[in-house]
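The structure appears right after this line, and notes come after that.
Everything numeric in this text was worked out from a predicted model, so none of it was measured.
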Amino acid sequence: MESNAAVGIIGSGAMGSGIAQVAAEAGHEVLVYDNNDAALRRSDETLRGLFAGLVAKGKRTDAEAQAVLGRIQYVGSLLSLDRCGLVVEAIVEDLSVKRSLFEELSHAVRGDCILATNTSSLSVTAIAASAKNPGRVIGLHFFNPAPLMALVEVVPAAQTADGLATECTALMQAWGKTPVRARDTPGFIVNRVARPYYSESLRILDEGLATSAEIDAAMEGLGFRMGPFYLMDFIGHDVNFRVTESMFDAFWGEPRYRPSFTQQAWLNAGYLGRKVGRGCYRFDESRQPIRAAVAQTDEALERISDRILAVLINEAYDALHYGVASRADIDLAMRLGVNYPKGLLEWGELIGRETIVGRLDELFDRYHEGRYRVSPGLRD
Ligand code: NAI
């Protein structure tokens with residue numbers, strides 16, 4: 001697409017508004033469409049408030065803020081996107097709704113317009129199949145909040161035309177982002193490789209081997225910014241549980257991705273996390289989790305973090321083995337997408353793959369469950 005092409009955004013919620021901001025800051029004229037007028041107005045107010053804050057803090061001049069805001073227009077019809085070179089879809093995460101949108105959209109835009117989906121968990125290929133010209137469809141998976149998170153997973157569908165992923169990678173770099181290339185497989189890189197951070201922690205909790213506060217302390221001790229339970233409370237158990245459920249379904253019941261009854265119970269009880277003041281933890285008035293004291297020794301905490309880390313590293317090697325992404329992109333994605341202190345493949349090499357294999361074989365001997373089978377990518 002031409003470097004000065006207009007960019008369309010569909011869905012003006014958290015992600016759509018953030019991506020609109022990124023594209024406008026990169027100099028594009030941006031046209032935002034949502035089928036809910038109130039959502040469009042909220043997006044406009046949010047962006048105006050945000051730029052007023054940036055000006056007040058001296059991070060943008062008033063002229064810069066006005067110029068960016070002046071490039072964003074809110075439109076009432078998909079037909080208004082007919083001059084866009086790229087349209088990014090960020091509507092509700094529902095395959096049938098996305099498919100009917102792509103069908104309609106592909107008739108409303110120019111034939112050479114790039115149609116990108118920001119889906120986190122759906123098949124880009126299945127979305128592309130509904131478009132008039134599936135070769136122009138691709139996944140551009142931004143992270144939340146889009147203006148602050150550098151990572152973008154670029155996900156070509158089975159039908160995506162040769163060269164389009166390279167073109168989108170260059171465009172994301174021009175927008176100041178760090179793109180990585182991922183195969184169109186469930187969870188792409190980050191949502192797949194990060195699964196054990198939650199699932200293995202819940203498993204250890206369910207077995208009564210440690211409390212949530214102890215598991216969090218163990219992982220924070222390894223350099224993770226937020227322990228798994230604090231992080232799940234922060235993300236929201238509704239969101240986190242649904243991603244796990246959709247991974248489990250998408251992998252036709254692969255035991256590694258099986259959701260946890262404990263997390264389901266929190267969800268059923270309405271303990272959604274920090275946003276409602278209660279999740280795995282209760283939250284105080286300043287919205288900080290009230291964490292019980294850690295009773296276990298440092299050695300015991302290390303055994304817990306060794307176990308979770310081994311399962312995570314195994315997942316990263318499995319993604320590498322199945323060609324989800326390159327070694328460099330898997331490590332970069334985990335550092336930028338979920339702030340891991342080190343790339344998991346690099347970490348595996350530093351600890352020694354034999355050590356990790358030893359920890360997993362021990363778990364497999366104990367439980368005889370597929371979730372602890374060593375990936376061929378790690379063992380070889
Ligand atoms: P959101 O719920 O904040 O916003 C979705 C917007 O889409 C709403 O304003 C809604 O009115 C609009 N919408 C729904 N159906 C529509 C249609 N048929 N046509 C036009 N507009 C429609 O959702 P959010 O969080 O912004 O997520 C959007 C997409 O981005 C989803 O696919 C989600 O999986 C993905 N995503 C979300 C992330 C997150 O952390 N929230 C991170 C990365 C991707």
Polar side-chain atom of Asp233 near backbone of Arg274 as donor-acceptor pair, under 3.5 Å: no
Ring-face cation contact, Tyr257 with Arg371, 6.0 Å cut, 45° max: no
Side chain Glu93, main chain Ser121, donor-acceptor under 3.5 Å: yes
Met226 reachable from Val193 in the ILVMFWY side-chain graph, under 4.5 Å edges: yes
Glu362 and Arg366 ion-paired at < 4.0 Å: no
Electrostatic pair Arg41:Asp37 at N-O distance under 4.0 angstrom: no
Residue among Glu200, Arg256, Arg359 satisfying side chain to side chain donor-acceptor pair (under 3.5 Å) with Tyr372: Glu200
is_close_aromatic(His321, Tyr317), centroid dist under 6.0 Å: no
Pair Asp298 + Arg303: basic N to acidic O under 4.0 Å: no
Salt bridge flag under 4.0 Å for residues Asp112 and Arg136: no
Electrostatic pair Glu153:Lys177 at N-O distance under 4.0 angstrom: no
Flag side-chain contact, heavy atom, 4.5 Å: Gln296 against Glu302: no
Donor-acceptor contact below 3.5 Å, side chain Ser199 vs main chain Arg195: yes
Distance flag, aromatic centroids of Tyr340 and Phe224, threshold under 6.0 Å: yes
Close side-chain approach of Lys98 to Thr117, heavy-atom, < 4.5 Å: yes
Parallel, tilted or perpendicular: ring planes of Phe283 versus Tyr281, cut at 30 and 60 degrees: perpendicular
Sidechain-backbone polar pair: Gln263 side chain, Ala265 backbone, donor-acceptor under 3.5 Å: no
Salt bridge Glu207-Arg307, side-chain N to carboxylate O under 4.0 Å: yes
Side-chain ion pair, Glu103 and Lys132, N-O less than 4.0 Å: no
Student check: side-chain heavy atoms of Leu31 and Cys84 closer than 4.5 Å: yes
Short N-O contact, Arg42 and Asp34, less than 4.0 angstrom: no
Other residues, nucleotides, ligands: >12 heavy atoms within 6.0 Å of Phe261 CZ: no
Cation over ring face, Arg278 and Tyr271, 6.0 Å, 45°: yes
Check ion pair Arg60-Glu25 (N to O, under 4.0 angstrom): yes
Short side-chain to backbone donor-acceptor contact, Thr160 and Val137, under 3.5 Å: yes
Test item: Ser106 and Asn133 side chains (from C-beta on) under 4.5 Å apart, heavy atoms: no
Flag if over 12 foreign heavy atoms under 6.0 Å of CZ, Arg110: yes
Backbone N/O of Leu344 and side chain of Asp331: donor-acceptor pair under 3.5 Å: yes
Ile235 side chain near Tyr230 side chain, heavy-atom distance below 4.5 Å: no
Pairing of Glu220 and Arg291 as salt bridge, 4.0 angstrom limit: yes
Electrostatic pair Glu346:Arg327 at N-O distance under 4.0 angstrom: no
Main-chain N/O of Asp94 paired with Arg99 side-chain donor or acceptor, under 3.5 Å: no
Derivation and outcome, side chain to side chain donor-acceptor pair (under 3.5 Å), residues Asp206 and Thr262: CA-CA 7 Å; Asp206 280 345; Thr262 300; 2.3 Å; yes
Crowding at CZ, Phe234 (>12 non-hydrogen neighbours, <6.0 Å): no
Closest heavy-atom pair and its distance - Val294, Ala213: CG2-O, 4.0 Å
